[in-house]
Structures are given as C-alpha cells and as structure tokens.
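Contents: one structure, followed by commentary.
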Number of protein chains: 2
Amino acid sequence: MKRIVLIYGAALAGLIALLKYVEYRFLVRDFSLEVYIGVIAVLFMGLGIWAGPRLTRRKVVLIDPNFVLNEAELQRLGISKREHEVLDLIAKGHSNQEIADKLFVSVNTVKTHLSNLFLKLDAARRTQAIQKAKKLRLIP
Amino acid sequence: MKRIVLIYGAALAGLIALLKYVEYRFLVRDFSLEVYIGVIAVLFMGLGIWAGPRLTRRKVVLIDPNFVLNEAELQRLGISKREHEVLDLIAKGHSNQEIADKLFVSVNTVKTHLSNLFLKLDAARRTQAIQKAKKLRLIP
DNA sequence: GCCCAAATCATCCTTTCGGGTGAGGGATGT
DNA sequence: ACATCCCTCACCCGAAAGGATGATTTGGGC
C-alpha cells in the first residue's frame with residue numbers, strides 16, 4: 001500500500017523532471033501539447049491499470065459475488081431442490097443433525113437425501129461431494 | 001471491451017478539447033506545466049484503476065491461478081507443513097485411509113494431524129475445517 | 001382418478017470419524 | 001545436556017456418517 005503510493009509519487013516526480021529537462025530542448029518545438037498529454041495519459045492509465053488491483057483488492061473474499069449456479073448441470077444430474085439445499089449445508093460444514101434441525105426434518109431424511117446425492121455426484125464421502133459440486137458450480 | 005476503449009478515447013479527446021479551450025484563458029497564466037501534468041496523471045490513473053479490472057478480468061475461473069497461500073495466517077495458527085498437507089487432501093475429498101496411503105504413514109498419524117488441525121482451526125468436523133481453511137486462504 | 005417424482009421417515013448394519021491419552025524418535029536451538 | 005516442536009504410531013471408545021431397503025405421504029401432470 002505504502003509502496004504503491006511511493007511508486008506513484010516517484011513516477012510522477014520522475015516524469016515531471018524528465019519533461020522539465022526535455023522541455024527546452026527538442027520536444028516543445030517538434031511536438032504539440034496534445035501529444036504530450038496523450039503520452040502522459042497513456043503512461044498513467046497504464047500505471048493505474050497495474051496499480052489498481054493492488055490498491056483495491058480485498059484481503060479475503062467471503063462470499064463470491066460472481067457465483068452463478070450451473071442449473072443445466074443440476075438438471076442433468078437430476079438433483080432436486082431439497083437435495084441441493086442439503087448439499088449447500090454440508091459444504092458449510094454442518095453435521096447431519098444440524099442440517100436436520102435447520103430444515104425441520106429428521107436426521108434419517110437428511111441421510112436419505114445425502115445418499116441420493118452421493119449416487120448422483122458419484123461421491124463416496126461428503127467431502128468428495130463438496131469438491132465435485134464446487135467444480136461443477138452447483139454451490140459457491 | 002470495445003466500450004472501454006471508446007470511453008478511454010472519449011475521455012482523452014474531451015480532455016484535450018477542454019485543455020485547448022482553457023489553455024488560452026486562465027490556466028496557462030495561473031498554473032504551471034507541472035500542475036497540468038499532475039492533474040492529467042491523476043485523472044488517467046483513476047481511469048486506469050477503474051478500467052483495469054474490466055479490461056483484464058477473465059470470465060470463468062476454473063482453477064484459481066490467483067490463489068496465494070496466506071502464510072501469515074498459517075503461521076499465526078501454528079499449522080505445520082504436514083498438517084497443511086493433510087488439510088489439503090481432506091479438501092480434495094480423500095478419506096483418512098487414502099491420505100495415509102498417499103503420505104506413506106499410518107491412519108493413526110493422519111488422525112493425529114487432523115485432531116491438531118481441528119483444534120487450531122476451531123472446527124468440529126472435517127467439512128468445517130475445509131470451509132474455514134478456504135475462508136482463510138490456507139487452501140485453494 | 002391415476003401415475004410419478006419428490007419428500008419424508010424408519011430400521012439394521014458397517015465403516016469412518018473424532019476425542020482423549022500416551023509415548024518414542026528426530027531435528028533445532030539454548 | 002535439555003527443552004521444545006514436529007512427526008510418528010497405538011489403543012480405546014463413542015459419535016457420526018454411509019449403505020441398503022422399504023414404506024408413507026403429497027403435489028402435479030395426464
């Protein structure tokens with residue numbers, strides 16, 4: 001962060017010095033102000049493009065705003081709404097019992113949904129189901 | 001993409017026109033070339049920062065090439081190299097036995113590593129550990 | 001009305017996980 | 001030499017997860 005500001009400052013200072021030096025030699029006669037401005041604009045736009053992500057990126061992305069559910073894949077695998085809910089909850093680290101409580105159903109029901117999910121996703125464990133579901137963009 | 005280029009072009013043209021218009025009125029007398037350059041630099045650096053992500057971002061990120069391990073967090077939690085390996089493998093959906101085979105150690109060892117991990121990550125289940133580790137960028 | 005998919009719940013049984021504890025060997029640093 | 005950390009392994013126990021199967025209910029579509 002501080003480094004970026006320093007680099008920006010140094011670039012600006014250097015450019016001004018360069019222009020000051022060059023101003024009374026060749027350029028003022030040969031090129032117009034528009035070219036000047038263009039060069040500076042391009043230079044600093046480039047710097048902005050380079051420095052932008054470094055200045056603005058957040059440390060941790062909690063929920064991905066770019067996530068779009070892959071409904072085609074969801075349908076292709078024949079995953080029902082309820083099964084998808086359960087899938088989402090195991091990915092968030094909940095146990096079967098917690099999911100049952102959250103959805104107001106019995107643990108057995110959750111287990112049934114999970115069994116069906118494991119078949120449809122060809123997974124042997126919940127962790128594997130999560131990994132595959134993420135790859136297929138069925139969950140964030 | 002094209003829109004961005006157009007906006008950039010329009011901004012540049014507009015600025016030049018503005019400067020051209022303003023040049024022979026107030027500014028040339030009141031402000032020096034350095035201020036000019038500074039204003040232009042700031043303006044276009046801002047434009048670069050704004051346009052940069054829009055020009056460079058990819059549509060879909062299959063495997064995140066931007067993943068950088070959060071080593072600070074890793075150290076803060078006191079997670080050892082071996083523990084981190086195990087963490088990575090459970091996130092890929094492997095069972096304890098599979099991990100043991102992969103790392104050429106006994107299942108008991110894997111379980112010990114996992115127990116320590118659960119303590120350090122404050123997790124009760126492997127799925128929860130995965131979820132937390134992802135949030136902390138300890139694993140991709 | 002009938003059919004079907006989805007959702008619900010249950011029972012039985014096996015495997016996997018997770019918690020607790022102890023313990024030995026190797027590397028590192030004081 | 002001693003302390004400390006990491007890695008390793010073992011044993012026990014209980015809880016959670018997973019597999020197989022069958023049954024009931026419910027809401028839409030034909």
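In this text, all values refer to a predicted model and were calculated from it rather than measured experimentally. All chains are named by letter (A, B, ...) in the order of the sequence lines, taking the proteins before the strands, and each is independently numbered beginning at 1.
Under the 4.0 Å criterion applied to side-chain N and carboxylate O atoms, Arg125(B) and Glu98(A) are assigned as salt-bridge partners. With respect to the salt-bridge test (charged N to carboxylate O, under 4.0 angstrom), the residues Glu83(B) and Lys120(B) qualify.
Going from atom CZ of Phe104(B) over to atom P of dC9(D) covers 12 Å, rounded to whole Å. If you take CD of Gln97(A) and C1' of dC17(C), they are 17 Å apart, rounded to a whole angstrom. Rounded to whole Å, the distance from CD on Glu83(B) to P on dC6(D) is 7 Å. As rounded to whole Å, 12 Å separates atom P of dC6(D) from atom CG of Leu74(B). Atom pair Leu114(B):CG and dT8(D):P shows a separation of 13 Å (rounding to whole Å applied). Spacing between atom NZ of Lys81(A) and atom P of dG28(D) amounts to 10 Å, rounded to whole angstrom units. Regarding His113(A), its NE2 atom lies at a distance of 17 Å from the C1' atom of dA20(D), rounded to whole Å. Between Ile99(A) atom CD1 and dC9(C) atom C1' the separation is 17 Å, expressed in whole Å.
Within the structure, every side-chain polar atom (N or O) of Ser115(B) is placed at least 4.0 Å from both OP1 and OP2 of dG20(C). Contact annotation: Asn96(B) reaches the phosphate of dC17(C) (side-chain N/O to OP1 or OP2, under 4.0 Å). Contact annotation: Thr109(B) side-chain N/O to dC9(D) OP1/OP2 distance is under 4.0 Å.
Shown here is Glu73(A), whose CD atom has more than 12 heavy atoms of other residues, nucleotides or ligands within 6.0 Å. Remark: Lys134(A) NZ is packed, more than 12 non-hydrogen atoms of other residues, nucleotides or ligands lying under 6.0 Å away.
When each of Val105(B) and Lys111(B) is assigned the nucleotide of DNA chain D bearing its nearest heavy atom, the one mapping closer to the 5' terminus is Val105(B).
Under the 4.5 Å side-chain heavy-atom criterion for ILVMFWY residues, a single connected hydrophobic cluster contains both Leu136(A) and Leu74(A). Leu103(B) and Leu117(B) fall within the same hydrophobic cluster, defined by Ile, Leu, Val, Met, Phe, Trp and Tyr side-chain heavy atoms under 4.5 Å apart, directly or through other members.
Residue-to-nucleotide contacts include a donor-acceptor pair under 3.5 Å from the side chain of Thr112(B) to the base of dC9(D).
When every heavy atom of Ala91(B) is checked against every heavy atom of Ile139(B), the shortest pair comes out as CB-CD1, 3.6 Å.
Shown for residues 116-134 of chain A: residues whose heavy atoms fall under 4.0 angstrom of DNA chain C, namely Arg125(A).
Looking at the side chain of Ser80(B), the nearest of the listed nucleotides dT8(C), dC6(D), dG18(D) is dC6(D). When distances are taken from the side chain of Asn108(B) to each of dA10(C), dA7(C), dC11(D), the shortest belongs to dC11(D).
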